[in-house]
Amino acid sequence: MSIITATTRAHRIDRRIYGQFAEHLGRGIYEGLWVGEQSEIPHKNGLRTDAIAALREIKVPVVRWPGGCFADEYHWLGGVGPAEGRRAMVNTHWGGVVDPNTFGTHEYFELLHQLDAEAYVNGNVGSGTVAEMQDWIEYMTLDKHTPMAELRRAHGREQPWKLQFFGVGNESWGCGGNMLPLHYANLYRQYQTFVRDYGDSHVAKVACGANADDYEWTEVLMARAAGHMDALSLHYYTLPTGEWDVKGAALSFDDAAWYDTIHRTRMMDTLLRRHGEIMDRHDPARRVGLFVDEWGTWYDVEQGTNPGFLYQQNTMRDAIVAAVNFHIFHRHAARVRMTNIAQMVNVLQAMLLTDGPRMVKTPTFHAFGLYVDHQDAEFVATTDAAGRVEGPAAAHLDHTVSVKDDVYTVSVVNWDLNAESELVLRLPERIGEVVGARMLHAAASAHNTFDEPDAVAPVDFTGTVVQGSELRLAVPPRSIVTVRVRAAG
């Protein structure tokens with residue numbers, strides 16, 4: 001038995017921590033989201049209705065687009081105007097396929113409208129110009145009679161859109177230009193100058209941050225450009241083997257690979273702590289956010305699929321990985337204000353998989369569903385029996401607690417393959433009622449297919465005991481549990 005005591009309300013868990021990422025990659029955009037106006041697949045304005053309905057269930061707060069590596073070869077003018085006049089381009093990073101550019105700026109904002117989500121657009125620094133970036137900002141956000149605003153109107157959009165976040169380049173240390181940190185810092189200072197605010201709206205500027213544990217990159221960017229940014233990004237992927245050449249299979253894995261995957265995912269905590277310490281030295285007021293705008297599992301692609309499409313299946317292991325990351329993000333949410341899992345549909349650790357007209361929700365989708373009530377709630381710090389803040393509950397057990405509108409949401413993940421764990425949580429107030437209790441629990445490699453779409457799905461959780469201010473949870477192995485309780489009036 002592990003005994004945990006809830007103490008102070010520490011900081012808000014920004015809903016954007018549950019953000020998504022949709023890159024022009026494989027079948028993520030085309031077929032996964034966009035089927036076009038002429039498709040027989042049910043759609044609204046070209047966007048498939050089943051995918052939109054599913055994503056609305058998990059309350060997607062923000063979508064990052066168009067990349068990723070694709071962003072630094074994307075020239076936005078080719079993706080606006082009548083479809084027949086758009087300029088096709090070769091997607092050199094992802095399979096060498098021809099992107100028809102039928103999903104562009106207008107279609108992206110239609111996606112956001114249907115999802116009720118915010119915009120996070122990534123600009124082209126690697127192969128683009130300052131003028132091109134400036135024109136795109138004007139096209140999207142300016143409400144005056146200028147050439148770019150008039151071009152937008154000519155393409156059917158009278159009013160400007162709300163652009164909440166703009167990324168100045170992507171992975172500039174790699175596919176976005178193979179730059180050294182000082183070179184990118186200087187380029188960032190130049191490019192961001194022309195990401196202007198028009199009217200009363202503010203476009204938050206996001207600087208390209210580090211690859212995993214490249215702490216030098218963060219040091220240089222914060223020292224040279226912190227005053228010109230609203231956020232700094234970070235990318236970290238979980239690879240079971242830790243090797244890019246042979247990452248490991250999504251479905252066929254042994255017990256060691258299960259635990260190795262969880263271990264490598266937990267490195268996120270170290271990364272956020274160490275990058276956060278560097279940021280704290282340069283920005284003690286924590287004005288600059290840390291955005292983990294690419295994270296998730298990355299396995300070898302499924303056999304028989306295009307290697308450049310990054311299509312992989314999704315199991316109970318992936319749901320556990322998601323939950324472990326959520327808990328880490330919550331603990332660091334005083335600095336971490338957005339994350340974007342890679343990616344939304346048909347790519348890497350996806351929420352949804354499609355096959356023509358068919359669609360299936362993945363275990364990761366259901367993990368997101370179990371954590372919806374943490375969005376914009378207050379994070380509640382806890383101590384263990386020895387008084388250690390966020391102390392370890394058990395070898396394979398982790399928890400997170402938040403409160404909103406007098407309802408405590410408690411989520412627990414047990415990644416032990418075989419053993420049940422009991423958690424006792426002592427809340428600051430007497431518990432009045434259990435509002436809800438749900439669980440995701442399955443075999444390690446269990447996954448959903450188009451023939452068995454509900455092999456892994458949430459069920460009611462019955463292992464809850466309430467005694468005064470104590471909440472006792474008997475958490476099965478390989479499971480995620482979320483229990484919501486209302487404080488007594």
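Residue numbers run from 1 in the order of the sequence given.
Lys404 places none of its side-chain heavy atoms less than 4.5 Å from the side chain of Asp373. Looking at Asp398 and Val412, their side chains never come closer than 4.5 Å, going by heavy atoms from C-beta outward. Residues Tyr120 and Phe21 have side chains not in contact (no heavy-atom distance under 4.5 Å, counting atoms from C-beta outward). Using a 4.5 Å cut-off on side-chain heavy atoms (C-beta onward), Asn91 and Val98 make no contact. For the pair Phe368 and Lys59, the minimum side-chain heavy-atom distance is 4.5 Å or more. Looking at heavy atoms from C-beta onward, Tyr30 lies in side-chain contact with Asp99 at the 4.5 angstrom threshold. Side-chain contact check for Arg331 versus Leu272: every heavy-atom pair is 4.5 Å or farther apart. By the 4.5 Å heavy-atom criterion applied to side chains, Cys208 and Tyr188 are not counted as neighbours.
In Glu216, the CD atom is not crowded: 12 or fewer heavy atoms of neighbouring residues, nucleotides or ligands sit closer than 6.0 Å. Atom CZ of Arg196 has more than 12 neighbouring heavy atoms from other residues, nucleotides or ligands inside a 6.0 Å radius.
The closest donor-acceptor contact from the side chain of Asp283 to the backbone of Met279 lies at 3.5 Å or more, if one exists at all. Remark: the backbone N or O of Glu31 is paired with a side-chain donor or acceptor of Arg48 at under 3.5 angstrom. At least one donor-acceptor pair closer than 3.5 Å links the side chain of Tyr259 to the backbone N or O of Leu417.
How far OG of Ser252 is from CG of Asp300: 11.0 Å, rounded to the nearest 0.5 Å. From Ile328, atom CD1 reaches atom OG1 of Thr339 across 11.0 Å, with rounding to the nearest 0.5 Å. Interatomic distance, Leu111 CG to His113 NE2, rounded to the nearest 0.5 Å: 11.0 Å. Annotation: the span from Leu440 atom CG to Arg438 atom CZ amounts to 9.5 Å, rounded to 0.5 Å. Taking CG of Leu232 as the start and CG of Asp293 as the end, the distance is 9.5 Å to the nearest 0.5 Å. Taken from CG in Leu187 to CG in Leu182, the straight-line distance is 10.0 Å, to the nearest 0.5 Å.
Side-chain atoms of Thr238 and Trp295 include no donor-acceptor pair closer than 3.5 Å. A donor atom on one side chain and an acceptor atom on the other are found under 3.5 Å apart for His282 and Glu219. A donor-acceptor contact closer than 3.5 angstrom links the side chains of Ser402 and His374. Looking only at atom types and distance, the side chain of Asn346 has a donor-acceptor partner in the side chain of Thr354 under 3.5 Å away. Judged purely by distance below 3.5 Å, without hydrogens or angles, the side chains of Glu171 and His235 pair a donor atom with an acceptor atom. Side-chain contact, Thr400 with His330: a donor N or O sits under 3.5 Å from an acceptor N or O. In this structure, a donor-acceptor pair under 3.5 Å is absent between the side chains of Arg87 and Asn101. For Asn340 and Gln20, the side-chain atoms include no donor-acceptor pair closer than 3.5 Å. Counting only N and O atoms by type, the side chains of Tyr237 and Glu294 include a donor and acceptor under 3.5 Å apart. Side-chain contact of Asp197 with His202: a donor-acceptor pair under 3.5 Å is present, judged by distance alone. With 3.5 Å as the limit, one finds a donor-acceptor pair spanning the side chains of Thr482 and Ser411. No side-chain donor from either of Asp318 and Thr364 sits under 3.5 Å from a side-chain acceptor of the other. Looking at Tyr198 and Asp143, their side chains never bring a donor and an acceptor atom within 3.5 Å of each other. Side-chain polar atoms of Gln134 and Glu138 form no donor-acceptor pair below 3.5 angstrom.
When ring centroids are compared, His275 and Tyr215 come within the 6.0 Å threshold. Note: His263 and Trp415 fail the aromatic proximity criterion, with ring centroids not under 6.0 Å apart. You'll find the ring centres of Phe253 and Tyr299 outside the 6.0 Å limit. Ring-centre distance between His327 and His399: not below the 6.0 Å cut-off.
Salt-bridge annotation for Arg273 and Glu277: present, with a side-chain N of the basic residue lying under 4.0 Å from a carboxylate O of the acidic one. Salt-bridge formation is detected for the pair Arg86/Glu107: a Lys NZ or Arg NE/NH1/NH2 atom is positioned less than 4.0 Å from an Asp or Glu carboxylate oxygen. Under a 4.0 Å N-O distance rule, the pair Glu118/Lys162 does not qualify as a salt bridge. Salt-bridge formation is detected for the pair Asp280/Arg286: a Lys NZ or Arg NE/NH1/NH2 atom is positioned less than 4.0 Å from an Asp or Glu carboxylate oxygen. A salt bridge is defined here as a Lys NZ or Arg NE, NH1 or NH2 lying under 4.0 Å from an Asp or Glu carboxylate O, and Lys205 with Asp230 fails to meet this definition. Salt-bridge formation is not detected for the pair Arg337/Asp14: no Lys NZ or Arg NE/NH1/NH2 atom is positioned less than 4.0 Å from an Asp or Glu carboxylate oxygen. Classification of Arg16 and Asp376 as a salt-bridged pair fails, no side-chain N sitting under 4.0 Å from a carboxylate O.
Residue Ala51 comes nearest to Leu33 through the heavy atom pair CB-CD2, 4.4 Å, listed as atom of the first residue, atom of the second, then distance. The two residues Ile58 and Gln375 make their nearest non-hydrogen contact at O-NE2, 3.6 Å. For Val246 against Thr241, the heavy-atom pair with the smallest separation is O-OG1, 2.6 Å. Smallest separation of non-hydrogen atoms from Trp136 and Pro66: CH2-CD, 4.4 Å. Contact record, Gln349 with Met351: O-CE, 3.4 Å, taken as the closest heavy-atom pair.
Taking the ring axis of Tyr311 as reference, the NZ or CZ atom of Arg27 stays within 45° of it and closer than 6.0 Å to the ring centre. Both tests do not hold together for Arg484 against Tyr408: distance to the six-membered ring centre under 6.0 Å, angle to the ring axis within 45°.
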Verdict with reasoning, His447 to Val360, per side-chain contact (heavy atoms from CB on, under 4.5 Å)
CA-CA 10 Å; His447 58 284; Val360 65; over 6 Å; no
Check step by step if side-chain hydrogen bond (donor to acceptor under 3.5 Å, both in side chains) holds for Arg64 and Asn122.
CA-CA 7 Å; Arg64 180 175 178 245; Asn122 231 117; 2.8 Å; yes
Stepwise side-chain contact (heavy atoms from CB on, under 4.5 Å) test for Met344 and Leu55
CA-CA 9 Å; Met344 201 150 65; Leu55 293 166; 3.8 Å; yes
Check the pair His75 / Glu132 against side-chain hydrogen bond (donor to acceptor under 3.5 Å, both in side chains), numbers first and verdict last.
CA-CA 8 Å; His75 300 282; Glu132 180 182 18; 2.8 Å; yes
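None of Leu397, Leu423, Ile480, Val481 except one satisfies the side-chain contact (heavy atoms from CB on, under 4.5 Å) rule with Asn414; the exception is Leu397. Checking Tyr74, Trp65, Trp94 one by one against Glu23, the side chain to side chain donor-acceptor pair (under 3.5 Å) holds for a single residue, Trp94.
Using bins of under 30°, 30° to 60° and over 60° for the plane-to-plane angle, the ring pair His155/Tyr139 lands in the tilted bin. Using bins of under 30°, 30° to 60° and over 60° for the plane-to-plane angle, the ring pair Phe326/Tyr18 lands in the tilted bin.
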